[in-house]
Amino acid sequence: GQQLNQSPQSMFIQEGEDVSMNCTSSSIFNTWLWYKQDPGEGPVLLIALYKAGELTSNGRLTAQFGITRKDSFLNISASIPSDVGIYFCAGPVNVFGPGTRLSVLP
Amino acid sequence: DAGVIQSPRHEVTEMGQEVTLRCKPISGHDYLFWYRQTMMRGLELLIYFNNNVPIDDSGMPEDRFSAKMPNASFSTLKIQPSEPRDSAVYFCASSSTGPATEAFFGQGTRLTVV
């Protein structure tokens, strides 16, 4: 089956810093989805990518579909306290990666 | 729309008891997913349905777990008998147009088996 890896597993950053995280897969994907999970809630979609090389932004978030179709990247610019949470990548059939836990220090 | 609705929100049960988790997907969505989330194993896809038919149940951990979708507006995940290692948060999600499109999640059921 699909195997997804995310890095880093966790990160602590200062408010205002930019954040980068990535996701790799053991197989080629036609879809990459990035979700965020707040404590006590279910994941919520941030960005969806459907084409290799695609670069998509949603406010301070930017995600890219890697040209190898085996990876994707998520960047958050000028982090704020409400960015705290777990960020998941997901591939086809909404199989999720292990997540990157983000903490933002004031 | 009220979103995906799960019940109960919390469940505490004794080992060996049967547990039934319930989910009402968003109206019009034809895909329904069940996930289990733990610190150790992350967010695992257990099973998903398309038009009420189970498509892939390869994530179901063992025969103690079963899922049904008798109609487009209701699904259950049953564990019988329950064990302490089943303690987790169970999420239901639904999507429209395909399994690779945005999934909308419920708030989850936190199951504790003592």
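Predicted model only: the values in this text are computed from it and were never measured. So you know, we letter chains A, B, ... as the sequences are listed, proteins then strands, and number each from 1.
Around atom CZ of A:Arg69, more than 12 heavy atoms belonging to other residues, nucleotides or ligands sit under 6.0 Å away. Enclosure of atom CD in A:Gln14 by more than 12 non-hydrogen atoms of other residues, nucleotides or ligands within 6.0 angstrom is indicated. Around the CD atom of A:Gln9, the shell of radius 6.0 Å holds no more than 12 heavy atoms that belong to other residues, nucleotides or ligands.
Contact residues of residues 15-23 of chain B toward chain A are absent (heavy-atom distance under 4.5 Å). Contact annotation for residues 60-73 of chain B against chain A (heavy-atom separation below 4.5 Å): no residues qualify.
Put simply, the side chain of A:Asp18 gets close to the backbone of A:Ala78: a donor and an acceptor are under 3.5 Å apart. Formation of a donor-acceptor pair under 3.5 Å by the A:Ser20 side chain with backbone atoms of A:Ile76 is not found in this model. Side-chain N or O atoms of A:Thr68 include one that pairs as donor or acceptor with a backbone N or O of A:Lys70 at under 3.5 Å. Looking at A:Ser72, its side chain never comes within 3.5 Å of a backbone N or O of A:Cys23 through a donor-acceptor pair.
For residues 74-83 of chain A, every residue pair satisfying the salt bridge (charged side-chain N to carboxylate O under 4.0 Å, His left out) rule, not counting sequence neighbours, is listed here: A:Arg60-A:Asp83.
One distance of note links CG of A:Asn94 with CD of B:Glu102; it measures 9.0 Å at 0.5 Å rounding.
With sequence neighbours excluded, the residues satisfying side-chain contact (heavy atoms from CB on, under 4.5 Å) with A:Gln37 are A:Pro43, A:Ile86, A:Phe88, B:Gln37, B:Phe91.
Interface remark: B:Met39 contributes side-chain atoms only to the contact with chain A (heavy atom separation under 4.5 Å). Interface residue B:Tyr35: only side-chain heavy atoms are found under 4.5 Å from chain A.
Chain A forms more heavy-atom pairs under 4.5 Å with one residue of B:Asp56, B:Ile55, B:Leu45, B:Leu43 than with any other, namely B:Leu43.
Checked against a 6.0 Å centroid threshold, the rings of B:Phe49 and B:Tyr31 do not count as neighbours.
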